[in-house]
Amino acid sequence: QVHLVEFGGGSVQPGDSLRLSCTASGRTFTGYHTGWFRQAPGKEREFVAAIGWTFAGTLYGSSVKGRFTISRDTDNTVYLRMNNLKFEDTAVYYCAKGRTFGEMSSLYDYWGQGTQVTVSS
């Protein structure tokens, strides 16, 4: 059974940092790109960042560019470093894996259950 699990969410204040991690098990994800998405209450799921498998290219959503960094450690561990967090970053963050690199959620075949990030004062 395939599992993607996100770690590292929590409650922080504006300006703080968090690092999320995404681990995978249950199959080999060779050739799969990894994306991070988020969804706030009452809003649509939003693309955050993605990292390619073969070329290590990265993509970022406009609202997080310059503050968030996606990186890859091992075959199955991907990180999202989030700096200078803002109130509007509050959401459930999901990692996902798919064979086509891009921003659309429909490109991703496997999804984690999500981890809550809350930014409040």
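Just so you know, these numbers come straight off a predicted model, no measurement behind them.
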### Task
Using the ring of Phe68 (Phe, Tyr or Trp, six-membered ring only), decide whether Arg81 places NZ or CZ under 6.0 Å from its centre and within 45 degrees of its axis.
no
### Query
Just checking, is any N or O donor in the side chain of Arg38 or Ser63 under 3.5 Å from an acceptor N or O on the other one?
yes
#### Entry: Aromatic ring pairing Tyr110/Phe29, orientation class (parallel under 30°, perpendicular over 60°, tilted between)
perpendicular
### Query
Can you tell me if Tyr108 uses its side chain to pair, donor with acceptor, with the backbone of Gly102 under 3.5 Å?
yes
### Task
Would you give the length of the straight line joining atom CG of Asp89 to atom CG of Asn84, rounded to the nearest 0.5 angstrom?
8.5 Å
### Task
Could you grab the distance from atom OG of Ser120 to atom CG of Leu85, nearest 0.5 Å is fine?
11.0 Å
#### Entry: From CA spacing to verdict: side-chain contact (heavy atoms from CB on, under 4.5 Å), Thr90, Gln116
CA-CA 8 Å; Thr90 295; Gln116 176 71 46; 4.0 Å; yes
### Nearest heavy-atom neighbours spanning Ala91 and Ala40
CB-N, 3.8 Å
### Task
Could you tell me whether the side chain of Tyr93 reaches within less than 4.5 Å of the side chain of Val48, counting heavy atoms only?
yes
#### Entry: Trp36 side, atom CH2; Ile70 side, atom CD1 - distance, nearest 0.5 Å
8.0 Å
#### Entry: Whether Thr34 side chain and Lys97 backbone form a donor-acceptor pair below 3.5 Å
no
### Spacing of CZ belonging to Arg27 relative to NE2 belonging to His3, to within rounding of 0.5 Å
13.5 Å
### Message
Using a 6.0 Å cut-off, check whether atom CD of Glu88 has over 12 heavy atoms from anything other than its own residue.
### Response
yes
### Query
Can Tyr79 and Cys22 be said to form a side-chain contact (heavy atoms from CB on, under 4.5 Å), step by step?
CA-CA 6 Å; Tyr79 302 97; Cys22 172; over 6 Å; no
### Message
Could you walk me through whether Val117 and Val92 satisfy the side-chain contact (heavy atoms from CB on, under 4.5 Å) test, starting with their C-alpha distance in whole Å, then the side-chain angles of each, then the deciding distance to 0.1 Å, before giving a yes or no?
### Response
CA-CA 6 Å; Val117 172; Val92 178; over 6 Å; no
### Message
Taking the ring centre of each residue, are Phe47 and Phe37 less than 6.0 Å apart?
### Response
yes
### Message
Quick check against the 3.5 Å criterion: does Thr118 have a side-chain atom that pairs as donor or acceptor with the backbone of Ser11?
### Response
no
#### Entry: Nearest heavy-atom neighbours spanning Thr77 and Thr23
OG1-CG2, 4.0 Å
### Query
Step by step, would you call Leu80 with Thr69 a side-chain contact (heavy atoms from CB on, under 4.5 Å)?
CA-CA 6 Å; Leu80 183 69; Thr69 303; over 6 Å; no
### Query
For Trp53, is the NZ or CZ atom of Arg99 found under 6.0 angstrom from the centre of its six-membered ring and inside 45 degrees of the ring axis?
no
#### Entry: Any donor-acceptor N/O pair, Glu6 side chain to Cys95 backbone, under 3.5 Å
yes
### Query
Can you name the nearest heavy-atom pair linking Thr100 to His33, along with the distance?
C-CD2, 3.5 Å
### Task
Locate the shortest heavy-atom distance separating Phe101 from Ile51; write the atom from each residue and the value.
CE1-C, 3.5 Å
### Message
Quick one about Arg67 and Tyr60 (side-chain donor to acceptor, distance below 3.5 Å, no hydrogens or angles considered), yes or no?
### Response
no
